[in-house]
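Just so it is clear: chains get the letters A, B, ... in the order the sequence lines come, proteins before strands, and each one is counted from 1.
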Amino acid sequence: MVKIRLFCAAGMSTSVLVNKMRKVAEAKGIEVEIDAHPEGQMTKLLDGVDVALLGPQVGYTLSKAKKICGEKNIPIEIIPMMDYGMVNGEKVLDLALKLAGK
Amino acid sequence: MSTNFKDTIINSVMKAVNTKGVLALKEGILYTLPLTMVGSIFLLLAQLPIKALNDWFTSIFGPAWTEPLFQVYNATFAIIALVSVITIAYAYAKNSGHDGLMAGILSLVVFLITTSSSVTDAASGVTIGGVIPRAWTGGQGMVTAIIIGLIVGALYSKLLDKNLSIKMPDGVPEGVTKQFAALIPAAIIFTGAMLVYIFFNVALKTTFIEWIYMVIQYPLQNLTDSLPAIMLICAIAPFLWVFGVHGTSIVTGVMDGIFLANTMANQAIIDSGLALTLENGAKIVTKQFFDNFIIMTGTGITIGLVVAMIIAGKSAQSKALGKIAIFPAIFNINEPVTFGFPIVMNPLTFVPFVLIGPIAALITYTAIAIGFMPPFGGVMVPWTTPPIISGFIVAGWQGALVQIILLATSVLIYFPFFKKQDAIHLKNENEASGELI
């Protein structure tokens, strides 16, 4: 089971992407748990998380996010703009799995 | 645009935006959302614009049937400054790695120390002591709440950073340690607040909160309410978005306090029994102005692009994105458009995207200024409420009509730019498939 967390401004725009990623994972038979949350709540939501991704619109918080995630050894990266915009669930899922090393 | 140039701009913008103060303000005010949004529902029920329905309720429940509804309204809207002063200090201290709740509590105390503890009845001139005057705990106290919240949050964090607290030996339970840790900062902060109270009381014959209102908040509210200022504000949000930064969350983070204060000033006019008109001092630029008109279908009112992609899209990219973007757009979310079209870092869409905000501001402002659309009262809807519906709830059929005009404007403004971008996509796609063959 891979636990993936996506963080954006309000946790709303990313939820569409989350649904796509879940579908792709299901089709591929990969067990995942994916959720989207506001970036401001990151500290509280990292228990047992394997990998965190940032929406590009909050990409500027990466240094802060890296500090928070670094303490818990969670890899974090910004979702590429085009994949985010086109809601490319497959590519983003691949990115997450690659970062998580699975 | 080169990556270096982009990084320099983003970095300098973000340095300003990511300061602890702005973050705390943004986060802190977010906590008042349930108060204003759910409080709105009770207010809406209490002042339904349908006379027959009102009369019917009065005939069943008696003339006081709205009293419980106003009780809820007064316990939400009317204490928004009181809540903000806690949540802003909370957010600041928490982000600095300290006990947020304790900072919030100290901040609340400072707010009360520097506020008058009596009210004078205007009609009889009788003064009653031992109260927390509600006149200052709502919209009129907003700027003071922000100032106190930030100062106390910062001061509390600084004092703890400097280890100005009573240290407990190991083995003392954490809860006890935490309580004691706050004692010295609390003593310093309360003393400072008392000196502020004395200064304003003796030297200026007023209170801190009233002085801030007169000298800072009232002028700021009026400034925000002017056409040039709001047009500028409405250009800043999309401008930041062009650089891939969530400009709207930054602009509302800073401006929501003033927007809300204006909304509440309007509701106060209704509460006082007057008609909500510009002659009676109604504000044009309120929270609804920005949330439900300027950023409708997403920052930059990008619905025009989405509609064009669906109807006139020739490239595979446009056709696919149109389908993806339309449903989020209905709920005023446009990240698929900003990142997928794209608008971010795209010189082609820069002009229409940044200009449509001020244009929408001009249209909405004029609609109210000429008396076509009524000014907004206290009723608010979340920014995710679909257009036309949101306009109807906050400003009646006129609000819905103004929104329809804005939607049409968006289609007209974006269309030529869409054609160009679509042609670029198409060319790229043809070239790519040509290479494959």
Side-chain angles (χ1 to χ4, degrees), chain A residues 6-24 34 36-46 53-72 76-93 95, chain B residues 6-7 9-18 20 23-24 26-28 30-31 33 91 94-95 97 100 240-241 243-250 252-253 298-299 316-318 320-321 323-325 327-329 331-346 382-384:
Chain A
L6 273 65
F7 295 95
C8 66
M12 283 188 198
S13 43
T14 311
S15 49
V16 188
L17 180 61
V18 167
N19 283 335
K20 267 269 178 79
M21 290 170 71
R22 283 186 191 140
K23 272 190 198 141
V24 174
I34 313 172
H37 297 282
E39 160 271 323
Q41 296 175 8
M42 185 180 284
T43 0
K44 291 177 249 170
L45 295 162
L46 289 175
L53 293 172
L54 275 181
Q57 72 276 40
V58 292
Y60 60 86
T61 59
L62 184 66
S63 58
K64 186 184 106 182
K66 271 200 168 150
K67 220 172 93 191
I68 297 171
C69 290
E71 283 168 12
K72 302 190 176 175
I76 178 153
E77 209 43 72
I78 300 172
I79 302 168
M81 207 174 97
M82 264 300 162
D83 296 339
Y84 191 85
M86 296 301 289
V87 198
N88 194 330
E90 188 164 1
K91 273 197 177 168
V92 180
L93 183 68
L95 172 71
Chain B
K6 179 195 162 190
D7 284 352
I9 292 194
I10 293 188
N11 280 342
S12 51
V13 169
M14 280 315 126
K15 243 185 204 150
V17 164
N18 258 342
K20 281 184 179 171
L23 282 180
K26 212 172 78 183
E27 269 184 62
L30 212 58
Y31 285 103
L33 207 64
K94 190 199 65 181
N95 289 343
L240 292 175
W241 255 120
F243 298 98
V245 171
H246 201 304
T248 306
S249 100
I250 289 161
T252 53
T299 308
Q317 160 98 1
S318 297
L321 185 60
K323 272 184 232 153
I324 294 170
F327 285 106
F331 297 96
N332 308 310
I333 291 167
N334 69 340
E335 271 85 349
V337 182
T338 44
F339 292 113
F341 187 67
I343 283 168
V344 175
M345 302 313 287
N346 183 353
W383 61 267
T384 43

- Query: Quick one: NZ on A/Lys44 to NZ on B/Lys94, what's the gap to the nearest 0.5 Å?
  - Reply: 5.5 Å

- Give the minimum heavy-atom separation between B/Gly340 and A/Met86, together with the two atoms involved. O-SD, 4.2 Å

- Message: Suppose we screen for salt bridge (Lys or Arg N to Asp or Glu O under 4.0 Å). Which residues come up paired with A/Lys20, at least two apart in sequence or across chains?
- Response: none

- Query: For the atom pair CG (A/Leu17) and CD (B/Glu335), what is the distance rounded to the nearest 0.5 Å?
  - Reply: 11.0 Å

- For A/Gly85 and B/Ile324, which heavy atoms make the closest approach, and how far apart are they? O-CG2, 4.5 Å

- Item | Under the ring-ring contact (aromatic ring centres under 6.0 Å, His included) test, residues paired with B/Phe339 that sit two or more places apart | A/Tyr84, B/Trp241

- Starting at NZ of A/Lys64, measure out to CG of B/Asn95 and round the result to the nearest 0.5 Å. 6.0 Å

- Query: Has A/Lys23 got more than 12 heavy atoms of other residues, nucleotides or ligands less than 6.0 Å from its NZ?
  - Reply: no

- Task: May I have the step-by-step check of side-chain contact (heavy atoms from CB on, under 4.5 Å) for B/Thr338 and A/Gln57, ending in yes or no?
- Result: CA-CA 9 Å; B/Thr338 44; A/Gln57 72 276 40; over 6 Å; no

- So how far is it from A/Ser15 OG to B/Ile333 CD1, rounded to the nearest 0.5 Å? 6.5 Å

